Amino acid sequence: MRITVCVVALLAAGCSSVAQDFCDRRDECNQLQGESVEECVENTERGLDNLNSGARADCEAAAEECLEREACGNFGECVVVGFFTECL
């Protein structure tokens with residue numbers, strides 16, 4: 001189902017994963033610490049893939065919550081305290 005949604009969305013405006021959006025935002029906020037966006041996506045996806053489905057859903061929700069924070073400082077704090085501490 002997700003693939004179908006992504007294909008439809010890709011045709012309309014583009015489809016990205018939570019990891020892609022998360023790493024793009026980390027890049028915008030200068031928080032990649034020498035890692036490329038592509039490496040960040042690979043590492044984030046690898047970490048999420050190691051979780052069971054419930055934990056992965058919780059961590060994707062945590063990443064999405066961080067993405068809702070407009071200021072880079074607030075986003076960065078959410079990443080460290082919420083996402084990295086709990087998920088990776």
Side-chain angles (χ1 to χ4, degrees):
M1 179 69 177
R2 180 181 170 122
I3 292 172
T4 303
V5 171
C6 284
V7 170
V8 171
L10 181 60
L11 294 174
C15 184
S16 62
S17 66
V18 171
Q20 182 70 52
D21 293 342
F22 184 71
C23 291
D24 285 342
R25 182 68 187 280
R26 287 187 64 212
D27 184 43
E28 291 170 13
C29 293
N30 298 313
Q31 296 176 352
L32 289 180
Q33 301 174 354
E35 184 178 45
S36 71
V37 172
E38 292 79 18
E39 291 168 326
C40 174
V41 171
E42 288 174 13
N43 292 333
T44 302
E45 286 289 349
R46 188 177 311 114
L48 291 171
D49 286 345
N50 289 329
L51 302 172
N52 67 45
S53 61
R56 182 181 178 118
D58 290 345
C59 288
E60 287 179 340
E64 289 172 346
E65 181 180 324
C66 292
L67 288 167
E68 292 175 5
R69 301 196 179 191
E70 292 183 25
C72 283
N74 292 337
F75 170 75
E77 180 181 339
C78 181
V79 168
V80 172
V81 173
F83 187 77
F84 284 148
T85 302
E86 300 295 323
C87 299
L88 299 181

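Just so it is clear, the structure is predicted and the values come from calculations on it, not from any experiment.
Considering CG of L32 and CG of D24, their distance stands at 9.0 Å, rounded to 0.5 Å. Note that CD of E60 and OG of S17 are 8.0 Å apart. Values are rounded to the nearest 0.5 Å.
Smallest separation of non-hydrogen atoms from Q31 and R26: O-NH2, 2.6 Å. Closest approach of V41 to A19, counting heavy atoms only: CG2-O, 3.9 Å. The shortest heavy-atom contact between S16 and D21 is OG-OD1, 2.5 Å.
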Donor-acceptor contacts, no H, no angles, side chain residues 62-82, under 3.5 Å, sequence neighbours left out:
none

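Between E45 and R56 there is a salt bridge, with a side-chain nitrogen of the basic residue lying less than 4.0 Å from a carboxylate oxygen of the acidic one.
A donor-acceptor distance shorter than 3.5 angstrom exists from the side chain of N43 to the backbone of E39, with no hydrogens or angles considered.
Side-chain contact between T44 and F83: present, with at least one pair of heavy atoms (C-beta onward) separated by less than 4.5 Å.
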**Report entry** Step-by-step side-chain contact (heavy atoms from CB on, under 4.5 Å) determination, D27 to C40
**Finding:** CA-CA 9 Å; D27 184 43; C40 174; over 6 Å; no

